[in-house]
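Notes follow once the structure below has been shown.
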Protein chains: 2
Amino acid sequence: MDPKETILITAMKLFGQKGFEGTSVREIAKDAGVNLAMISYYFGSKENLFENVVEYKSSGIKGVFAELENSAIPQIEKIYKIIDSYIERMFSNPQFHHLLHRELSLDQRPQMHDAITEILLRNVVTIKAIIQKGIDTSQFKTVDTELTIATLIGTINHLLISEAMCRKLLHKSKDFNPFQSKKLKERLSEHLKQLMRSHLLKNSKPQKSKKNL
Amino acid sequence: MDPKETILITAMKLFGQKGFEGTSVREIAKDAGVNLAMISYYFGSKENLFENVVEYKSSGIKGVFAELENSAIPQIEKIYKIIDSYIERMFSNPQFHHLLHRELSLDQRPQMHDAITEILLRNVVTIKAIIQKGIDTSQFKTVDTELTIATLIGTINHLLISEAMCRKLLHKSKDFNPFQSKKLKERLSEHLKQLMRSHLLKNSKPQKSKKNL
DNA sequence: AAAAATTAATTAAACGTTTGTTTAATTTCA
DNA sequence: TGAAATTAAACAAACGTTTAATTAATTTTT
């Protein structure tokens, strides 16, 4: 395989697990099975490798909600799709999300903050427009759109902070692997949809789920 | 001042800003105005200093909700108090929260994960009991209590991840300091209370705020 | 209460490793 | 033959920690 890409993937894994300062270039080289000097040869410096990792991994994250904005379905259903899309994406690579959040919370490389916030907030404009349209067309109550978005993303994120905390919060045993649990994703989806129905819809009947089928 | 405490406070500040691996003991010593060897003398090792920092800073965080549990006020008002208490606490020391979350997301010192989750989830049992009692006494709808807690804490946390992202999410200019903004705390409090009203209360009329006074 | 003895606190210097990066030589491939 | 890729070795700097010597504070003895 392309050694450059191997380095990127390995670096992403180790930076995610151990942090930037906690990972040595020797470790990356060894794990990737390439010579130490190859990293400087391809990327110049450790910091530049890091920037390349972020760029490489984020290039796959597209603005998938743009088409949703002008779709004909009810606004609340667009919210449902956004919820499921976010859950899917964030659960599919928790380590990369750790890396991004960790970097944002550090004062070490502030020049990267803009790039990372851009990645994390890539779809916020679209979501905001969808909620606002819901309000304008009287489908939704008047809510704080920006903080509603914080609630959506923040709830998902809170479960992804660490496996240990997620397990403790949900009272699960050690053999429960939260980040790979399909059940948890479905439970989270249910919760967020119910939450957003109550929060956004004007005549929000407590729409019961599977229980009374 | 007591040099031991000076070291703890300085270490907490630098670990919060630059991470554990990103901070050298020489830096801590210099910033604290003590000799380098004093850190080993008092704390034995850098890692032990880190554990002492977490212990030192978290000893102040008490379970203030215990008394609330058996209070006579409506359950939803207990939720209000919890919301304001969490906002106040988390906004009062964002850096320490960064430190805790960062440590949890790392594989570096897993022996600390239990201690940190204990700190972060210290009041979860109480909150859960309050929501559950609300459900049992028919004040609240049937909700996912655990994920409701994730929503509460996760929403606040999402705004605290970084000043840069918070500003971008709220479309504020660079001179806006989110972590010290009283207005933002009030706005967040309003949002979460409205959210929890809709989510929890059975007959949730859109209870308007200041706007129509 | 003063002097001596003992413990604690503080210091500068050095320890051996590990760090990110570079060099210069070698191999690979077109 | 020549450019690109890969290697082992070396670089200086920074790292956490320890040492041994010195000063400060406390306790014990007279």
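These figures come from a predicted structure and were not determined experimentally.
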Checklist entry - Under a 4.0 Å N-O cut-off, is there an ion pair linking E69(A) with K78(A)? => result no
Next on the checklist: Output the rounded distance in Å from CG (L14(B)) to C1' (dG16(D)).
Outcome noted: 16 Å
Checklist entry - Just how far, in rounded Å, is C1' of dG16(D) from CZ of R109(B)? => result 14 Å
Next on the checklist: Which nucleotide wins on minimum distance to the side chain of Y42(A), given the candidates dT17(D), dA5(D), dA9(C)?
Outcome noted: dA5(D)
Next on the checklist: Measure NZ/K30(A) against P/dT18(C) and give the value in whole Å, please.
Outcome noted: 11 Å
Checklist entry - Are R187(B) and E146(A) ion-paired here, with the side-chain N under 4.0 Å from a carboxylate O? => result yes
Item to check | Interatomic distance, I28(A) CD1 vs dT18(C) C1' [rounded to whole Å] | outcome: 15 Å
Checklist entry - Base, sugar-phosphate alone, or nothing: which one does S24(B) contact when heavy atoms must sit under 4.0 Å apart? => result sugar-phosphate
Next on the checklist: Can you measure I39(A) atom CD1 to dT19(C) atom P for me and round it to whole angstrom units?
Outcome noted: 12 Å
Item to check | Nearest listed nucleotide, side chain of M38(B), among dT17(D), dT10(C), dT23(C) | outcome: dT10(C)
Checklist entry - What is the ring orientation for F15(A) with F20(A), classed by angle as parallel under 30°, tilted 30 to 60°, or perpendicular over 60°? => result tilted
Next on the checklist: Checking contacts here: which listed nucleotide (dA8(C), dG16(D), dA5(D)) is nearest the side-chain heavy atoms of Y41(A)?
Outcome noted: dA5(D)
Item to check | No-hydrogen, no-angle side-chain donor-acceptor test under 3.5 Å, K193(B) and S189(B) | outcome: yes
Checklist entry - Reckon L36(A) touches a base, only the sugar-phosphate, or nothing at all at heavy-atom distances under 4.0 Å? => result base
Item to check | Closest-nucleotide ordering on DNA chain D, the 5'-leading residue of F20(B) and G33(A) | outcome: G33(A)
Checklist entry - Does the distance from a Lys or Arg side-chain N to an Asp or Glu carboxylate O, for E27(A) and K18(A), drop under 4.0 Å? => result yes
Item to check | Spacing between F43(B) atom CZ and dT10(C) atom P, to the nearest angstrom | outcome: 12 Å
Checklist outcome for this item: Of R26(A) and N35(B), the one whose nearest nucleotide on DNA chain C sits closer to the 5' end is N35(B)
Item to check | d(NZ, K46(A); P, dT21(C)) in whole Å | outcome: 8 Å
Item to check | Whole-Å gap separating P (dT17(D)) and CD1 (I7(B)) | outcome: 13 Å
